[in-house]
**Student:** 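Have a look at the structure that comes next, please.
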Amino acid sequence: DQGAWMSFLLFLGIIGGILGYGAQGFIIGPMAVVLAHGLVRFLTSDNPDEQDDGAGEEDLQSASSIWTRSQRWLQSAMNLW
């Protein structure tokens, strides 16, 4: 169950954050877990812009897709600053 797994990771984030950053870690630890989870979901989601041409280059397309998504994510993150 994904909910139980995420709860466990948030718990570890709280404990690790408190151990690493003191009282500030109560916020920093869980926020790091949530951001990492969101980034992984974003990078591994299906991209509707790319079509599978059936050429047998799934690995290359997957790597290219992840690279493109990471560039888009970095650009959007930089626009927030």
Side-chain angles (χ1 to χ4, degrees):
D1 185 34
Q2 186 175 359
W5 181 245
M6 188 64 174
S7 297
F8 178 68
L9 288 177
L10 287 173
F11 172 73
L12 289 180
I14 291 171
I15 299 302
I18 290 172
L19 291 175
Y21 294 99
Q24 295 173 346
F26 189 73
I27 302 297
I28 295 172
M31 185 57 67
V33 171
V34 169
L35 288 175
H37 182 261
L39 179 61
V40 167
R41 285 184 53 128
F42 176 75
L43 292 176
T44 59
S45 66
D46 290 331
N47 189 356
D49 296 336
E50 294 182 5
Q51 298 292 327
D52 185 16
D53 59 0
E57 298 179 358
E58 292 85 10
D59 292 338
L60 182 59
Q61 287 178 348
S62 176
S64 173
S65 176
I66 290 173
W67 176 251
T68 303
R69 288 184 199 135
S70 63
Q71 286 179 328
R72 288 182 196 159
W73 182 82
L74 286 172
Q75 286 175 344
S76 66
M78 294 304 288
N79 287 336
L80 292 176
W81 291 99

**Student:** Which atoms form the tightest heavy-atom contact between Pro30 and Gly25, and what is the distance?
**Tutor:** CD-O, 3.7 Å
**Student:** Looking at Phe42, I want to see if its CZ is surrounded by more than 12 non-hydrogen atoms of other residues, nucleotides or ligands under 6.0 Å.
**Tutor:** yes
**Student:** Who else is in the cluster with Phe26 when I, L, V, M, F, W and Y are joined by side-chain contacts under 4.5 Å?
**Tutor:** Ile14, Ile18, Ile27
**Student:** Among Ile, Leu, Val, Met, Phe, Trp and Tyr joined by side-chain contacts under 4.5 Å, find the other residues sharing a cluster with Met31 and list them by chain and number.
**Tutor:** Leu35
**Student:** Under the side-chain contact (heavy atoms from CB on, under 4.5 Å) rule, collect the residues that match up with Phe11, sequence neighbours excluded.
**Tutor:** Ile15
**Student:** Could you report the tightest heavy-atom contact between Val33 and Met6, atom names first, then the distance?
**Tutor:** CG1-CE, 4.2 Å
